[in-house]
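Throughout, a chain's letter reflects where its sequence line sits, starting with A, and its residues are numbered from 1. All figures in this text were calculated on a predicted structure; none of them were measured in a lab.
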There are 2 protein chains.
Amino acid sequence: MARVRLIDVAELAGVSMKTVSNVVHDYPHVAPALREKVQAAIDQLGYRPNLTARRLATGKTGMIALAIPEIDHPYFSELSRQIAEEATRRGYRVIIEQTLSDPVTERAVLNDREAGLVDGVIFHPVRMETLDIAKLDAGTPLVLLGEAAMPVMTDHVMIDNVSAALDATRHLLASGCRRIAFLGVIAADITGSTSQRLFGYQQGLLEAGVQLNPELVLTASEFTAEAGVHSITEAIDRGVRFDGVVCRDDRFAIGALKALHDSGRSVPEDVAVVGWDNTFMAAYTSPTLTSVAPEKTAIVVAAFNLLEERIAGYRGVGRHVIVGHSLEVRESAPLAPSRLRSRTDFTAL
Amino acid sequence: MARVRLIDVAELAGVSMKTVSNVVHDYPHVAPALREKVQAAIDQLGYRPNLTARRLATGKTGMIALAIPEIDHPYFSELSRQIAEEATRRGYRVIIEQTLSDPVTERAVLNDREAGLVDGVIFHPVRMETLDIAKLDAGTPLVLLGEAAMPVMTDHVMIDNVSAALDATRHLLASGCRRIAFLGVIAADITGSTSQRLFGYQQGLLEAGVQLNPELVLTASEFTAEAGVHSITEAIDRGVRFDGVVCRDDRFAIGALKALHDSGRSVPEDVAVVGWDNTFMAAYTSPTLTSVAPEKTAIVVAAFNLLEERIAGYRGVGRHVIVGHSLEVRESAPLAPSRLRSRTDFTAL
DNA sequence: CCACAAATATACAGCGCTGGAAAGATGGTT
DNA sequence: AACCATCTTTCCAGCGCTGTATATTTGTGG
């Protein structure tokens, strides 16, 4: 099982190592006859270059790390797919690190772990403070995703969360909702992505002259559909009345749909629901889910552009790219005011 | 930006490289005073070991590759998550390769790409023939996932697809279905996973004395929910009558639920639906989805066990591990015969 | 106070590959 | 036939780290 090395091929072909290396790399100035002989030796021995050794010699790894909270969150799995594809297109391979939103793991990702292993890191932080990140950045090019407060030295790609939440809220208001809830605030999320969305939601209500009602800001224990179900169910049980919900992400929205269905409410007639991320399931829930749609492709492309500039040697201050978003309107919150029951009947449910 | 090397630390601390290395590795026989001095130098310089160099020296990479068709297929993203967690537990990092079911990419994964890069590969093939795989295995430990025909030399983990499909079919039969469709056969899938499921479905019908009807075997163009929608809709339009569907995976099932809903059929009253993979969405569709549940954790653990044995040097013939499965019964195909309309009314829809 | 074992620390040769310098061929000029 | 310029090929010093062999120090008992 001893691996075939460059020198083995060289000996068999009766040439120097470098010539074999040149053949492997398609270096142009190799005489055809020699090239053929070397190739034959390569084939005969089944030679495969040792990438680790090549890396040590060249200093380039050709790999990037993608650090995300959860691989199987639909938003992140869809993002991962696009990143994997873009990486392939640009000649990189991807190491995926799952942080599970654990601050220690997040730190580890940036700290010693990426030492010389990857050419760059794309990182979606959840628990780490921006300042921490800046400190730990040990020279490996880094691009941040998500809503962390603008770091000074680090590149960063995000959508305008405030404005997107504003769009979602306006949409619900336009369709006639007046008691709009927000799902959900999570204690552990300190990067501000939720709070930006909450802020946009509040702004939307205020500009429409609707008074803010703290009761309508629902909290959740974790980022799962189940937590969404629980939060909505509990609000209903508490007697909280609402006719619309802006959800922090699609998983919460999916949970909300279930909770509303189980409690006998119909969507969107009784309660309109807006999700966030426009993940694939949004088109397959029943009713289908209106959802804030970040331009995922733009995020991925922007992230790679920034990363490759850093890899190429850019050492300036952090750039901050805001990519577009839209509202994908589906059945759970249609455009037209389509309420079948009058709002005043709501309490009768 | 010049990286700090072991020798830099050694010089600052006034010791040999190896002593620094020993400190980094917590080698026990280092005098406390020296250890402290070295640690101070490490901290002062911000030294991080170069993993690529370490790899070259040790020959171990501490990485495994996971090659799957699509990162964002719920089954694979859930599997990936578990693999990532198990890998962390066992001290490995994971490179994820997305093959997109492309035979060329699949080949590349096994062929030159893993050269010395990873200690092992976990691979879920879709298009490659088993024989091909055996040929390309260049010495890197390999474990196959999924339903490829038993390879002779390669380790392999799967569930018993025939028996699982049989269970699903029996379940539908027990609840009163008689015209049970199978969704969906895909031309591009040559590994036999679909055909095994189809076989189990047919066996289930036969043992119940139900005649096979080729019309009820629905094909799909690709592995997406949309293709499932299309296939079911088209069958309905063609006038195919059915009161149950066994789906090849949850995405098809989700598409089936949508198509049935859009055509005015209710699930499970008119048509009962069984999915496959028991992905997270199964609990959140409306109605919730009965689904074949492979024991994902068992798959992951078995795969790692086999892989680590190979890494440790096992060179014997391929082992084949069959892990358990169950049927997660939910609303789309409940246990009891719960049909509201009589079957004869079906055509009236 | 010495011999000898155990505990610590060092030296250095690789791991397999690449990059640049240098050597060797080749062929066209004058 | 001597001389370049150009094309091919070889040589060899690293890349940063670890494992083994070896040297040095420390500790113990007689």
For the side chain of [X] and the backbone of [Y], is there at least one donor-acceptor N/O pair under 3.5 Å apart?
X         : Y         : answer
Lys296(B) : Tyr75(B)  : no
Asp72(B)  : Ser77(A)  : no
Arg48(B)  : Arg5(B)   : no
Thr58(B)  : Arg54(B)  : yes
Glu86(A)  : Phe304(A) : no
Glu97(A)  : Ala65(A)  : no
Arg55(B)  : Thr61(B)  : yes

Margin query: Tell me if the centroids of the rings in His124(A) and Phe76(A) come within less than 6.0 Å of each other.
Written below: yes

For atom [atom1] of [X] and atom [atom2] of [N], their distance in whole Å:
X        : N       : atom1 : atom2 : result
Leu34(B) : dA9(C)  : CG    : P     : 5 Å
His29(A) : dA25(C) : NE2   : P     : 19 Å
Tyr27(B) : dT10(C) : OH    : P     : 13 Å

Item checked: Divergence of helical axes at both termini of the helix from dC1(C)-dG30(D) to dT30(C)-dA1(D) - five pairs an end, 10° steps -> 50°

Margin query: One character per nucleotide, please: for nucleotides 13-23 of chain D, 5' to 3', B when the base has a protein heavy atom closer than 4.0 Å, S when only the sugar-phosphate does, - otherwise.
Written below: -BBBBBBB---

Note to self: It should be established whether Ser16(A) places a side-chain nitrogen or oxygen under 4.0 Å from OP1 or OP2 of nucleotide dT9(D).
What the structure shows: no

